There are 2 protein chains.
Amino acid sequence: MMLNPYQIIKSSIAGGIASGQWRVGEVLPSENALCKRFSVSRMTVNRAMRELARERLINRVPGRGSFVAEPVAQSGLVQIRNIAHEIVSRGSVHRSVVLTLGWADATEDVAADLGARRVFHSVLVHYEDDVALQIEDRFVAPEMAPSYLDQNFARVTPNAFLMGVAPLSEVEHVVQAAAASVHVASLLGVDVGSPCLVVHRKTWSGGRPVSVAILYHPGARFRLSGRFSA
Amino acid sequence: MMLNPYQIIKSSIAGGIASGQWRVGEVLPSENALCKRFSVSRMTVNRAMRELARERLINRVPGRGSFVAEPVAQSGLVQIRNIAHEIVSRGSVHRSVVLTLGWADATEDVAADLGARRVFHSVLVHYEDDVALQIEDRFVAPEMAPSYLDQNFARVTPNAFLMGVAPLSEVEHVVQAAAASVHVASLLGVDVGSPCLVVHRKTWSGGRPVSVAILYHPGARFRLSGRFSA
DNA sequence: GAGTGGTCTAGACCACTCA
DNA sequence: GAGTGGTCTAGACCACTCG
């Protein structure tokens, strides 16, 4: 892994932020200071810092300096697929707890979506550094993943498992804001009635429905983002 | 409207692609050729081309050249682009009220996003059959749409107008759930603290930021949906 | 006035591709 | 070997902020 000087500087600054060497809002060394520290020209430092700003790790203000940006838990709209991976890639610790795993009678909606009356049902809570970030309430079509109930979902997320046995061909998302019910609030550790981001996610593999999931996120701690070109 | 050399080059190339001067897959002039054409140093051309590549307008291959990229398939995800059209297509009546339209001092965040301190600011409320469906709080870079303040936004939505004067090249969405403030609640006709779906939407045209909008929707009456193929 | 980030220059070396 | 993009240098000027 050969890194260019500007990449080394980026990694160094990003690492310093992740490790808490600099706190949120704190001033980072100036470009000239970094030139001396890394023995490079200012254009090289400038590129590193410009890219960090574009990636929203830092804020830059002409005449004042560069500052550590506020971190936000952010997921890609298209890729809510692996929340464990996203949490880990932010430098946090992911942990999940399996609350339910077994057969269930599908509601009429779910039965229509999955084309089955008896389905697999799992409920997990995903934690980022011991703070609840997502409730994953999932129904799975048994024919599409017969070994679903034999998995240890504390180690491999249901999504990751399903991607393996039934490769994704299509996804549908419906996003809405809702007030936390008593049940949801207690699992997420928020107040009853506080705003939650609720994602209904339906997946297909080879044109056949695989799974329907309802994902609850605490409004104050979670955002979805997406960027597209026209 | 002061453009830096690298921005001029970006706009020129982006415009040439948009206008069909170069077709998809076609080779663009080399960096050295562009140096001569624009009478700038290679680093300046390089920055322009590197940013166009990051914005996926072009592909660059070392040793070969720069090529016009395949336009990315619109994910159709958060097609909030024209709420008036969406409402009408549901068979409802769309009506909007302009609450604010004028100059404003940008907050630090908005100034950083738009690259301007003094910006245009508009606030609208969109109604579906006389029920509030969206508050549209928008900031616009004046250079990108100089005639913004002269428009009648009760007839043509800001988004539709901007699409005309500054064709969309890129969109970024951040979606979150939040509790309605007193102000938001009164405009949407919901209870204070009730869940709202808040969309931060940032748009670019030819690689330059055009507008930042914050869209508030009543959680009980609004959903976003999207469907993708893998 | 000292310091900051934003930008630009006119060179340079490299790895790569293609004829 | 000629041409390409990827990167770097050691200067420079500017507008801005802050004490």
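Remember, predicted model here, so these are calculated numbers, not experimental data. Only heavy atoms go into these numbers, but all of them, side chains included; no hydrogens, no water, no symmetry mates. Proteins come first, then strands; the chains are lettered A, B, ... in the order of their sequence lines, and each starts at number 1.
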A:Gln176 side chain near A:Val199 side chain, heavy-atom distance below 4.5 Å | no
Is there side-chain contact between B:Lys202 and B:Asp113, with at least one heavy-atom pair below 4.5 Å?
-> yes
So do the side chains of B:Ser122 and B:Val140 get within less than 4.5 Å of each other, counting heavy atoms only?
-> no
When you look for runs of 3 or more Watson-Crick or G-U pairs in a row, both distances below 3.5 Å, which of them include DNA chain D?
-> C:1-18 with D:1-18
By ring-ring contact (aromatic ring centres under 6.0 Å, His included), B:His126 pairs with (sequence neighbours left out) B:His94
Going by number, which of residues 57-66 of chain A have a non-hydrogen atom under 4.0 Å from DNA chain D?
-> A:Pro62, A:Gly63, A:Arg64
Is any side-chain heavy atom of B:Leu188 less than 4.5 Å from a side-chain heavy atom of B:Cys196?
-> yes
Would you please indicate if the ring centroids of B:Tyr148 and B:Phe153 are separated by under 6.0 Å?
-> yes
With the threshold set at 4.0 Å, does a side-chain nitrogen-carboxylate oxygen contact exist between A:Arg201 and A:Glu136?
-> no
Is it true that a side-chain atom of B:Ser30 and a backbone atom of B:Ala33 form a donor plus acceptor pair closer than 3.5 Å?
-> yes
Run the salt-bridge test on B:Glu31 and B:Arg60 with the 4.0 Å N-O cut-off and return the result as yes or no.
-> yes
Verdict with reasoning, B:Val125 to B:Gln134, per side-chain contact (heavy atoms from CB on, under 4.5 Å) = CA-CA 6 Å; B:Val125 181; B:Gln134 179 187 90; over 6 Å; no
Any side-chain heavy atom of B:Ser181 sitting closer than 4.5 Å to one from B:Val192?
-> no
Residues passing the salt bridge (charged side-chain N to carboxylate O under 4.0 Å, His left out) test with A:Lys10, sequence neighbours excluded, are A:Glu51, A:Glu55
Positional range of nucleotides in DNA chain D within the contact set of chain A, heavy-atom, under 4.0 Å = D:dT7 to D:dC18
Enumerate the residues from residues 38-50 of chain A whose closest heavy atom to DNA chain D is under 4.0 Å, giving them by residue number; use none for an empty result.
-> A:Ser39, A:Val40, A:Ser41, A:Arg42, A:Met43, A:Thr44, A:Arg47
